[in-house]
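Presented below is the structure to which this report refers.
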Amino acid sequence: MYCLTLVVQGNSILPRNSKPKSNNSSHRREAISLLQKCKNISHVQSTHAKIIRNGQEQDPFIVFELLRLCSKLNSIDYASKVFHRIRTPNVFLYTALVDGFVLSGSHFDGIRLYYRMIADSIVPDNYAITSVLKACGFQLALKPGREVHGQVIKLGLCSNRSVKMKLMELYGKCGELEDARRMFDEMPEHDVVASTVMIASYLHHRFVGEARSVFDRVQTKDTVCWTAMIDGLVKNGEMNWALEVFREMQVENVKPNEATIVCVLSACSHLGALELGRWVHSYMGKYEIKLNHIVGGALIHMYARCGDIDKAEKVFDEMMERDISTYNVIISALGMHGKSIEAIEMFRAMIKQGLRPNSITFVGVLNACSHRGLVELGFEMFHSMVRDYNIEPQVEHYGCMVDLLGRVGRLEEAFSFIKRMKTAPDHIMLGALLSACKIHGNLELGEQIARSLLDCGKADSGTYVLLSNVYASSGRWKEAAKVRAEMKEGGIQKEPGCSLIEVNNEIHEFLLGDIRHPHKEEIYKKLKELEKRLKLKEGYSPKTEVALHDVEDRQKEWALSIHSERLAICYGLISTKPYTTLRVVKNLRVCNDCHSMIKLIAKISKRKIVVRDRNRFHHFENGVCSCGDYW
DNA sequence: CACCCAGAAT
């Protein structure tokens with residue numbers, strides 16, 4: 001790295017203050033206005049030729065215009081060529097090209113060029129500084145950023161607002177929050193924009209409390225500021241809080257825009273808050289929100305993740321502009337709901353429209369195949385991906401294939417598939433195969449996979465639970481207990497089962513055997529009543545899976561056998577009108593016993609019940625589930 | 001005679 005040498009006197013500072021040569025100023029103005037009329041790069045090139053013929057090639061004003069224009073038209077290569085023909089480029093020209101590099105995504109080239117300028121003893125001004133800081137920010141290049149900061153101090157540019165802003169942004173992005181905060185506090189204005197940058201930086205590094213306190217101190221919060229807070233809360237998993245802030249924003253009469261809506265829809269998607277999502281959708285007209293492809297995608301995603309796949313398809317049909325990501329959203333949505341054939345048809349429609357699938361598209365397609373056990377089609381798609389679209393399979397794609405083979409019971413094939421892969425298997429893939437071993441009762445393979453996961457330290461709570469269940473389902477109780485002990489020794493916490501249900505615009509959360517809800521008495525009464533009726537009339541007999549807990553008393557055991565989705569459904573039954581569809585979101589996979597029980601509950605209560613589990617959707621109606629008991 | 005789209009988005 002070069003060091004900045006400040007040359008204030010002498011002739012090394014180039015002609016920014018020198019007077020232009022006589023009588024060329026009208027020619028210059030002419031050339032510039034010619035340039036400004038150019039619409040495409042070939043037009044620019046012919047104008048450039050004219051400029052060269054007129055002997056104006058070295059004129060810094062004209063070249064400046066030329067460089068900016070090339071950058072704007074996405075022709076950084078041409079800009080670079082133009083620049084390198086200049087004998088003595090000044091700070092303006094350097095800055096224009098640095099900006100061009102930043103615009104084209106070649107941030108590192110931008111930083112390098114800036115250092116070349118310094119080496120040429122050209123003194124940067126605040127524009128050059130902000131440009132290079134922008135490049136550093138994109139690259140998360142903290143080291144050169146700090147050097148530039150040092151130069152800022154030497155040059156006395158500290159008081160410049162844009163410079164401070166960019167420094168703060170850089171530090172914030174790089175996680176140097178104390179430095180970012182220092183810059184922020186040095187800005188006496190503490191205006192909305194600076195505060196927004198600070199808030200976003202805090203939230204990006206999970207300092208929710210700090211973000212909140214900056215946010216609270218902003219006097220007049222605008223749309224972007226509110227949106228940054230909502231978005232950050234969503235990214236930190238604070239969905240309910242995010243929605244609360246959104247409501248506050250409306251109380252304060254700040255109009256949401258497209259970005260706000262996208263963030264709010266994302267929160268709804270996570271929570272399964274369909275009613276709120278619908279409300280947001282219906283108010284989009286009033287707020288003049290345009291249905292661009294980002295908003296459209298978020299809407300489709302929301303409806304699909306909240307269980308209303310019909311509405312998701314309808315929004316898709318209504319959209320005017322669809323791009324690859326729109327198709328990716330709808331394909332994975334259809335797959336998630338077990339509509340595998342429709343997903344494949346959508347994929348074909350996309351191709352027909354002339355869009356080129358990317359690697360995300362194929363994750364959706366292969367996942368769709370897996371949810372219906374479409375092995376042949378899955379392989380066809382997998383090979384087509386490599387052969388026709390030249391997409392190198394990633395670990396996700398292999399994972400889908402392993403899942404597909406595993407679920408249908410072709411366990412050995414799945415295992416040899418893993419061994420043939422170019423990449424190392426990840427714990428998600430092995431977990432999928434392990435779960436398949438449990439479903440199909442393959443003890444040896446299951447044991448082998450689980451052990452390899454445990455040995456390489458990749459095991460999470462799910463691995464232990466699955467392995468223990470593999471043993472238990474073949475009657476090997478001793479081994480099951482041993483795994484349970486190992487889990488306890490390793491201090492591994494089981495991820496608690498949790499279900500959400502939306503009733504009257506409010507999200508109600510239930511944990512395994514939960515007793516916190518204000519209506520707990522009625523909920524448990526309903527549950528007991530249902531169990532009794534199902535046993536008597538529908539021949540239901542509970543097959544509770546082995547509980548992985550040290551249970552001292554029977555009361556606790558009973559509570560722990562009550563999976564959270566049952567509580568959520570019972571609450572839904574007692575708090576909504578007859579025939580209302582119930583929609584439940586669960587964080588883990590639904591177990592066999594709950595699955596068969598919910599089928600019967602749907603039958604006797606004459607309700608549709610939609611359950612989203614960790615992997616997919618189940619639509620229960622009249623005693624059957626849309627997954628066809630294959631999941 | 002030139003210059004930093006202030007910040008947020010599946």
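Order of the sequence lines fixes the chain letters, A, B, ..., with proteins taken first and strands second; residue numbering starts at 1 for each chain.
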Item to complete: Identify whether the distance between the nearest side-chain nitrogen and carboxylate oxygen of A:E169 and A:K166 falls below 4.0 Å.
Response: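 A salt bridge is present here (some side-chain N lies under 4.0 Å from a carboxylate O).
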
Worksheet item: Does A:R85 come within less than 4.0 Å of A:E57, counting only side-chain N to carboxylate O?
Response: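 So A:R85 pairs with A:E57 through a salt bridge.
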
Picking from [options], which would you name as closest to the side chain of [X]?
{"X": "A:V262", "options": "B:dC4, B:dT10, B:dA6", "value": "B:dT10"}
{"X": "A:K166", "options": "B:dC4, B:dG7, B:dA9", "value": "B:dG7"}
{"X": "A:V329", "options": "B:dT10, B:dC4, B:dA9", "value": "B:dT10"}

Fill in: Any A:K235 side-chain nitrogen or oxygen under 4.0 Å from OP1 or OP2 of B:dA9
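Answer is yes, contact under 4.0 Å.
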
Discussion item. Between the base of B:dA9 and the side chain of A:N257, is there a donor and acceptor pair under 3.5 angstrom?
Written reply: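 When only heavy-atom distances are counted, A:N257 does not reach the base of B:dA9 through any donor-acceptor pair under 3.5 Å.
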
Worksheet item: Less than 3.5 Å between a donor and an acceptor, one on the side chain of A:R68 and one on the base of B:dC3, is that the case here?
Response: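 When only heavy-atom distances are counted, A:R68 does not reach the base of B:dC3 through any donor-acceptor pair under 3.5 Å.
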
Item to complete: Give every residue pair that meets the ring-ring contact (aromatic ring centres under 6.0 Å, His included) criterion with at least one member in residues 209-264 of chain A, sequence neighbours excluded.
Response: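 Of all non-adjacent pairs touching residues 209-264 of chain A, those that pass ring-ring contact (aromatic ring centres under 6.0 Å, His included) are A:F215-A:W226.
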
Discussion item. When you measure from the centre of the six-membered ring of A:F316, is the NZ or CZ of A:R322 closer than 6.0 Å and no more than 45° off the axis?
Written reply: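 Yes.
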
Worksheet item: Can you list, by residue number, the residues of residues 213-231 of chain A that have a non-hydrogen atom closer than 4.0 angstrom to DNA chain B?
Response: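 Residues of residues 213-231 of chain A that come under 4.0 Å of DNA chain B are, in numerical order, A:D222, A:V224, A:T227, A:D231.
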
All N/O donor-acceptor pairs, side-chain side in residues 170-185 of chain A, below 3.5 Å, sequence neighbours left out:
residue: A:Y171; atom: OH; partner: A:H149; partner atom: ND1; Å: 2.6
residue: A:E176; atom: OE1; partner: A:R146; partner atom: NH2; Å: 2.9
residue: A:D179; atom: OD1; partner: A:R182; partner atom: NH1; Å: 2.9
residue: A:D179; atom: OD2; partner: A:R146; partner atom: NH1; Å: 3.3
residue: A:D179; atom: OD2; partner: A:R146; partner atom: NH2; Å: 3.0
residue: A:R181; atom: NE; partner: A:D185; partner atom: OD1; Å: 3.3
residue: A:R181; atom: NE; partner: A:D185; partner atom: OD2; Å: 3.3
residue: A:R181; atom: NH1; partner: A:Y202; partner atom: OH; Å: 3.4

Worksheet item: With centres under 5.5 Å and planes under 30° as the test, does A:F64 stack with B:dC3?
Response: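 So A:F64 does not count as stacking on the base.
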
